[in-house]
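First the structure, in the form of structure tokens, and then the observations on it.
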Amino acid sequence: NAGVTQTPKFRVLKTGQSMTLLCAQDMNHEYMYWYRQDPGMGLRLIHYSVGEGTTAKGEVPDGYNVSRLKKQNFLLGLESAAPSQTSVYFCASSYRGPLGSNTEAFFGQGTRLTVV
Amino acid sequence: AQSVTQLDSHVSVSEGTPVLLRCNYSSSYSPSLFWYVQHPNKGLQLLLKYTSAATLVKGINGFEAEFKKSETSFHLTKPSAHMSDAAEYFCVVSPNSGYSTLTFGKGTMLLVSP
């Protein structure tokens with residue numbers, strides 16, 4: 001199994017450009033997440049989804065949009081990139097456990113985005 | 001609401017000596033707790049998890065952690081460090097309630113010297 005696959009792995013954008021990051025999982029997980037990782041900040045949740053057709057805001061959603069049209073895919077969009085969005089982005093997915101709680105999350109390998 | 005505090009941003013040990021990485025959490029509900037490891041320029045790998053079963057949890061590569069409800073702690077330990085353990089470690093909390101998310105600590109960098 002491929003697990004969680006992110007594309008692209010690296011990208012350089014100019015300020016104001018737009019792009020979409022794709023996350024695909026083949027484990028039939030209900031929950032999917034987008035995090036960003038910055039030095040000394042750990043991973044911060046951008047947006048998440050608890051099922052096909054649903055999305056919700058996380059801790060740092062401004063400047064990003066998401067869509068989950070299919071259960072296996074979760075897209076993260078940047079409409080007008082800013083240098084503050086330079087970061088490493090991780091997608092993750094997890095099962096919905098008992099009472100709707102989380103099981104452990106499985107992570108993709110990350111996308112390193114630089115906005116100049 | 002939930003939060004995680006990793007008490008040390010960096011921990012330095014010598015190879016063969018014990019490792020202790022400290023984590024305190026807060027959660028409005030009974031939590032699930034996880035430790036993840038990230039080697040340089042790599043993704044995140046699950047080390048171990050606590051999900052309300054045994055309070056002493058054993059993980060991969062000789063790591064273990066103990067859930068202490070009275071202290072709201074979930075510290076990670078290993079009896080003897082190996083050079084390959086050098087990495088960043090993240091403590092993660094998720095409350096056992098509907099549609100909960102995973103909240104990460106800021107990470108602890110483990111440095112292992114020969």
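Owing to the predicted nature of the structure, the values given are computational and were not obtained by experimental measurement. Here is the naming used below: chain letters follow the sequence lines, and residue numbers restart at 1 for every chain.
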[X] and [Y]: same hydrophobic cluster, using ILVMFWY side-chain contacts below 4.5 Å?
| X | Y | value |
| --- | --- | --- |
| A:Leu75 | A:Val4 | no |
| B:Val11 | B:Leu76 | yes |
| B:Val92 | B:Tyr25 | no |
| B:Tyr50 | B:Phe34 | no |
| B:Tyr89 | B:Ile60 | yes |

* Region of A:Arg112 in contact with chain B, defined by heavy-atom distances below 4.5 Å -> side chain

* Checking A:Gln37 against chain B: side chain, backbone, both or neither under 4.5 Å from a heavy atom? -> side chain

* State, yes or no, whether a side-chain contact exists between A:Glu104 and B:Thr51 at a heavy-atom distance under 4.5 Å. => no

Can you tell me how far the [atom1] atom of [X] sits from the [atom2] atom of [Y], to the nearest 0.5 Å?
| X | Y | atom1 | atom2 | value |
| --- | --- | --- | --- | --- |
| B:Thr103 | A:Glu59 | OG1 | CD | 7.5 Å |
| A:Phe107 | B:Leu102 | CZ | CG | 6.5 Å |
| A:Phe90 | B:Gln38 | CZ | CD | 4.5 Å |
| A:Leu43 | B:Lys106 | CG | NZ | 11.0 Å |
| B:Leu44 | A:Gln109 | CG | CD | 9.0 Å |
| B:Phe104 | A:Met41 | CZ | CE | 14.0 Å |

* **Which portion of B:Gln6 sits near chain A, non-hydrogen atoms under 4.5 angstrom** => neither

* **Donor-acceptor under 3.5 Å (B:Tyr36 side chain, A:Ala105 main chain)** => yes

* Quick one: which of A:Ala56, A:Gly51, A:Gly40 has the most heavy-atom pairs under 4.5 Å with chain B, could you say? => A:Gly40

* Should we count CD of A:Glu79 as having more than 12 external heavy atoms under 6.0 Å? -> no

